[in-house]
Structure formats: structure tokens, C-alpha cells
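The structure appears below as C-alpha cells.
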Amino acid sequence: AKNVGILAVDIYFPPTCIQQEALEAHDGASKGKYTIGLGQDCMAFCTEVEDVISMSLTVVTSLLEKYGIDPKQIGRLEVGSETVIDKSKSIKTFLMQIFEKSGNTDIEGVDSTNACYGGTAALFNCVNWVESTSWDGRYGLVVCTDSAVYAEGPARPTGGAAAIAFLIGPDAPISFESRFRGSHMAHVYDFYKPNLASEYPVVDGKLSQTCYLMAVDSCYKHFCNKYEKLEGKQFSLCDAEYFVFHSPYNKLVQKSFARLLFNDFLRNASSIDEVAKEKLGPFAALSGDESYQSRDLEKVTQQLAKSLYDAKVQPTTLLPKQVGNMYTASLYAAFASLIHNKHSTLAGQRVVMFSYGSGLTATMFSLRFSEGQHPFSLSNIAAVMDVAGKLESRHEYPPERFVETMKLMEHRYGAKDFVTSKDISLLSPGTYYLTEVDTMYRRFYTKK
Ligand code: ACO
């Protein structure tokens with residue numbers, strides 16, 4: 001199979017959201033802390049009728065319908081998620097309800113979990129399958145689904161929720177340049193979920209920021225080395241039109257891109273002009289650790305990277321700023337934002353992707369666009385996703401109601417023997433929702 005990659009995309013996020021400005025005031029944070037300090041505008045969350053399973057049922061059904069894919073044409077289905085509802089039964093098996101109806105139970109794949117990285121692992125598995133001798137000629141399907149919720153405190157505004165689905169196959173308008181991948185994996189306790197009775201993670205926020213930036217550096221180095229070995233020339237920021245980052249909150253994305261510029265400076269790459277060289281000179285001798293601590297370096301690199309950031313990163317930031325951290329779906333929602341904003345000019349261009357999952361696992365990889373053929377064309381993908389329409393039709397909750405919802409969800413997590421609210425008025429037609437968890441913890445979903 002040639003040019004294996006992403007043929008089709010659809011995205012779903014809950015219609016319920018809270019403005020960061022309102023949350024900031026409610027939490028007693030200083031004005032601008034969430035909106036400018038973290039760089040976030042709004043945050044989506046699941047109410048009691050939605051969860052990672054319902055969102056993934058919704059997005060998979062929608063993708064199959066909108067691109068006219070017969071469920072029998074799917075030969076592999078992989079799910080990435082870090083939202084654990086069941087320690088044994090995979091989310092993938094819930095999705096089999098869609099395929100059983102058409103008589104297709106011959107579908108490989110289960111769930112992949114490692115914080116926000118599971119979606120990338122699932123995506124690589126599917127691409128590798130299509131490229132392998134095990135491939136039976138059918139499509140792969142990848143689903144990233146997460147509900148990111150934090151306990152009250154500084155991490156709460158960095159939540160979010162979404163599910164995104166990709167159809168994988170050959171001759172794709174978004175194809176993988178698999179030979180250039182660079183990974184960085186290590187053992188760290190920066191963000192983890194050891195308390196199985198709670199949906200909330202244990203977070204060392206500061207450590208997670210540094211680990212993320214170290215992973216950016218390390219992956220970029222490996223990525224550049226592989227590129228140079230295979231292409232016989234140096235890689236720099238100028239060699240990709242766009243850079244897409246896993247986006248816990250926008251400020252970290254700004255810092256990460258600035259970090260790439262600093263890497264280019266240290267590597268003496270062609271993207272760095274004389275002015276930048278002069279300004280960065282004083283930082284050339286910093287050790288790695290010192291460079292992560294230096295506020296001056298952060299400021300100077302962000303200033304120098306500003307115009308490149310506006311051109312190469314800003315078009316990817318819409319959904320992460322509006323929906324929040326979607327864990328496994330976060331990188332891919334940033335990618336969806338790029339397609340939404342730039343679909344008519346992407347053909348022929350390269351995008352570099354950075355995936356990070358705490359704990360930690362990270363990979364930088366690149367994709368290439370071509371226009372593709374209907375229904376698998378960039379313009380049709382943008383039309384199907386209807387990002388603007390979905391953002392416009394959302395409903396804002398006041399902070400008090402958001403906090404109440406979080407409290408209710410804390411009680412519902414891991415609980416049995418309850419029915420959910422009959423009020424599904426906010427959900428659009430076609431959305432799956434949770435109706436009941438019975439005395440045996442079995443979960444039941446219906447489509448609106
Ligand atoms: N106006 C403008 N900016 C402000 C204001 C204000 N009124 N007040 C604070 N700020 C700035 C700070 O200067 C800081 O910016 P800087 O990083 O450029 O210095 C920023 O707002 C954040 O404020 P802090 O006090 O540094 O951080 P806080 O203690 O609020 O926590 C954190 C932020 C660590 C991101 C927290 O939200 C968290 O733990 N989130 C979850 C972990 C996470 O997302 N980690 C990222 C990678 S791992 C993953 O994906 C889960």
C-alpha cells in the first residue's frame with residue numbers, strides 16, 4: 001500500500017462549555033490568568049449524559065454516515081484514551097455495537113493507554129497494519145476519546161472533552177512520512193492516575209511543563225537526525241509549513257514552538273537570521289536544565305518566534321483554545337483546526353506533529369497533504385467536520401452550574417444502579433448518550 005494515511009476525519013465535542021473568563025472570576029484567580037496566562041478561551045465538559053464511550057459512538061457513527069462508509073469495510077479499529085471507565089473491557093468493544101448490526105465482527109484492535117499519547121499509539125498501529133503483510137485490504141479506524149477533568153485548583157481550567165475519528169487507508173490526502181519519526185520515552189511521575197476511585201489525576205504541574213519541553217527538544221533532535229540521514233540535508237523550521245502540538249493549554253504551545261527556534265539556533269540551522277543569532281548568543285552556553293529555568297531565554301525566544309508562530313502554529317490553535325485539553329484528542333483537534341482554517345492551500349505542504357503523554361511517551365512525526373478525491377478530499381473533510389457550526393451551537397454554563405456538574409460526576413464515577421437525566425435538549429440529533437448504569441455496572445446508551 002502506498003501513501004498510507006488519513007482518508008477522512010470527524011470530530012465531536014460536548015455542546016456544554018464554560019468561558020475561561022467566567023471561571024477565572026469564579027475561582028478568584030487574577031484577571032487574565034486563564035485567558036492570557038494559560039492562553040485559553042473556553043472549555044468543554046461532559047454532563048451526566050455523556051462520557052468517552054458515548055462521544056466515541058457519536059463520532060464513529062457520524063464519520064461512517066457522512067463519508068458513506070459501509071461498516072463491513074472496516075478491518076481494524078483502535079481506540080486511544082486515558083479515561084478509564086472499565087479496567088478490563090475496552091472502549092473498542094462498546095463501539096462493536098455499530099459493526100455487529102451490519103454483521104461485521106471481524107475487526108482487530110483494542111484500546112491503547114498512556115496519558116495523552118494513546119491516540120498516537122492507536123494511529124501508528126493502524127497505519128502500520130495497512131502497510132504490513134497482515135493487511136486484508138479494508139480500512140482502519142482510529143478513535144481518540146477523552147474527558148479531561150481536574151480537581152478544584154490551578155489545573156481545573158486545563159480540562160476539556162472531545163472524540164475524534166480517523167479513517168486510515170492507502171492513497172490518502174494526509175499521508176505519513178513514517179521514516180522521520182523521533183521519539184522520547186522515560187519514567188517520570190509528572191501526571192498520573194493511581195487513584196482508581198477518582199477520575200482526577202495526580203499532577204505535578206511544574207514538572208509536567210518541564211518534561212513536556214524536554215520531550216519537545218529530544219524528539220526534535222531525533223526527528224532532525226533522521227531527516228538529515230535520509231534526505232542528505234539539514235532540517236529547520238522552514239522545512240514544514242505548520243507545526244501542530246499536543247495542547248494542554250495554549251501558553252505551553254507558544255513556549256514549545258519558541259523552543260524549536262532555540263534548537264535551530266543551537267544547531268546553526270538556516271532558519272536563524274543574524275538578528276536572532278545575536279539575541280540568542282548569550283544563551284548558547286546554558287546547560288539543558290538552566291535553559292528550562294531561564295525566564296529571559298523564554299522571553300527572547302518567544303519574541304523572535306512570534307511571526308513564525310503566527311504563520312506556522314496559530315492556524316492550529318482554534319479548537320484547543322475553545323475546547324480545552326482533550327488529552328488523546330488534543331493534538332488531533334489542533335490538526336483538525338488546521339484543516340478547518342487552511343484546507344484550500346494545504347496540498348503539497350508538510351506538517352510536523354508533536355504528541356506528548358505524561359509518564360512519559362512522546363513522538364514527533366510528519367505528514368504530507370495532497371488534495372485527494374471526493375469524499376476523501378481536504379475540502380470535504382473540512383465540510384464534514386463543520387468546526388465553526390459546532391462551536392457556534394454550544395451552550396455556556398455559568399461557573400456554579402459547571403461546579404455542580406463536576407460534583408455530580410464525581411459521585412457517578414465508578415457508581416452503579418442509576419439512571420441519568422431525561423433532559424437531552426442540548427444534544428444535537430444523532431448524538432449518543434448514557435441512559436442507565438444497572439446493578440451489574442452495565443452501561444446503556446441510546447442515540448438521540
Ligand atoms: N494575567 C496574565 N498572566 C498571568 C496572570 C494574569 N493575571 N496570572 C498568572 N499568569 C501567568 C503566569 O505568569 C504563568 O505564565 P508563564 O508560564 O508564562 O510564567 C501562567 O499564567 C500560569 O500561571 P502559574 O502560576 O505559573 O501556574 P499555575 O500554578 O496556575 O498552574 C499549570 C498552571 C501547571 C499548567 C496547571 O494548570 C496544571 O497543573 N495543569 C495540568 C498539567 C498540564 O496540563 N501539564 C502540561 C503537560 S501534561 C498534560 O498534557 C496533562
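Note that ligands are numbered from 1 as they come in the structure, with each ligand's atoms numbered from 1 the same way.
- When the shell of 6.0 Å around NZ of K306 is examined, it contains 12 or fewer heavy atoms from other residues, nucleotides or ligands.
- In this structure, the separation between OG1 on T47 and OH on Y397 is 5.5 Å, given to the nearest 0.5 Å.
- Within 6.0 Å of atom CD in E21, 12 or fewer heavy atoms from other residues, nucleotides or ligands are found, so the atom counts as exposed in its surroundings.
- Near S30, meaning under 4.0 Å from one of its heavy atoms, ligand 1 places the atoms 5 (C), 6 (C), 7 (N), 8 (N).
- Using a 4.0 Å cut-off to heavy atoms of G205, the atoms of ligand 1 that qualify are 34 (C), 39 (O).
- Shortest contact from atom 9 (C) of ligand 1 to any protein heavy atom: K33 CG, 3.7 Å.
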(request) Check the pair F245, Y212 against ring pair (Phe, Tyr, Trp, His ring centres under 6.0 Å), reporting the backbone distance first and the verdict last. (result) CA-CA 11 Å; F245 293 88; Y212 181 105; 7.2 Å; no
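- When the shell of 6.0 Å around CD of E400 is examined, it contains more than 12 heavy atoms from other residues, nucleotides or ligands.
- In this structure, the protein non-hydrogen atom closest to atom 35 (C) of ligand 1 is Y249 CE2, 3.3 Å.
- The closest non-hydrogen atom to atom 2 (C) of ligand 1, taken over G32, P157, C211, comes from G32.
- A 6.0 Å sphere centred on OH of Y189 holds no more than 12 heavy atoms belonging to other residues, nucleotides or ligands.
- In the displayed structure, K299 atom NZ is contacted under 6.0 Å by at most 12 heavy atoms of other residues, nucleotides or ligands.
- Closest to atom 31 (O) of ligand 1 among all protein heavy atoms lies P154 CB, 3.8 Å.
- Taking 4.5 Å as the limit, every side-chain heavy atom of F124 sits out of range of all side-chain heavy atoms of E78.
- K92 approaches G109 most closely through the heavy-atom pair NZ-O, 2.5 Å.
- Neither the backbone nor the side chain of D190 has any atom closer than 4.0 Å to an atom of ligand 1 (non-hydrogen atoms only).
- For atom 16 (P) of ligand 1, the closest heavy atom belonging to the protein is K255 NZ, 3.4 Å.
- Under 4.0 angstrom from ligand 1, the non-hydrogen atoms of H246 all belong to its side chain.
- Around NZ of K279, the count of heavy atoms belonging to other residues, nucleotides or ligands within 6.0 Å does not exceed 12.
- Looking from atom 38 (C) of ligand 1 to the surrounding protein, the closest heavy atom is A155 CB, 3.6 Å.
- Looking at S358 against ligand 1, only its side chain comes within 4.0 Å, counting heavy atoms.
- Counting protein heavy atoms only, atom 15 (O) of ligand 1 is closest to K251 NZ, 3.2 Å.
- A perpendicular orientation is assigned to the rings of F166 and F335, their planes being inclined by more than 60° (bins at 30° and 60°).
- Each of the following atoms of ligand 1 lies closer than 4.0 Å to a heavy atom of Q209: 34 (C), 35 (C).
- For ligand 1, the atoms lying closer than 4.0 Å to a non-hydrogen atom of K31 are 1 (N), 6 (C), 7 (N).
- Scanning the protein heavy atoms around atom 4 (C) of ligand 1, the nearest turns out to be G37 CA, 3.7 Å.
- Between Y327 and F191, a ring centre-to-centre spacing shorter than 6.0 Å is recorded.
- Below 4.0 Å from some heavy atom of K206 lie the following atoms of ligand 1, by number and element: 24 (P), 26 (O), 27 (O).
- The closest approach between a heavy atom of R156 and any atom of ligand 1 is not below 4.0 Å.
- The single protein non-hydrogen atom nearest to atom 13 (O) of ligand 1 is R295 NH2, 4.5 Å, given as residue, atom name and distance.
- At a 3.5 angstrom cut-off on N or O pairs, S208 counts as close to ligand 1.
- Using a 4.0 Å cut-off to heavy atoms of Y150, the atoms of ligand 1 that qualify are 41 (C), 51 (C).
- Residue N325 approaches ligand 1 through these ligand atoms, each under 4.0 Å from one of its heavy atoms: 50 (O), 51 (C).
- The OG1 atom of T120 sits 9.5 Å away from the NE2 atom of H246 when rounded to the nearest 0.5 Å.
- Under a 4.0 Å criterion applied to the non-hydrogen atoms of F191, ligand 1 contributes the atoms 51 (C).
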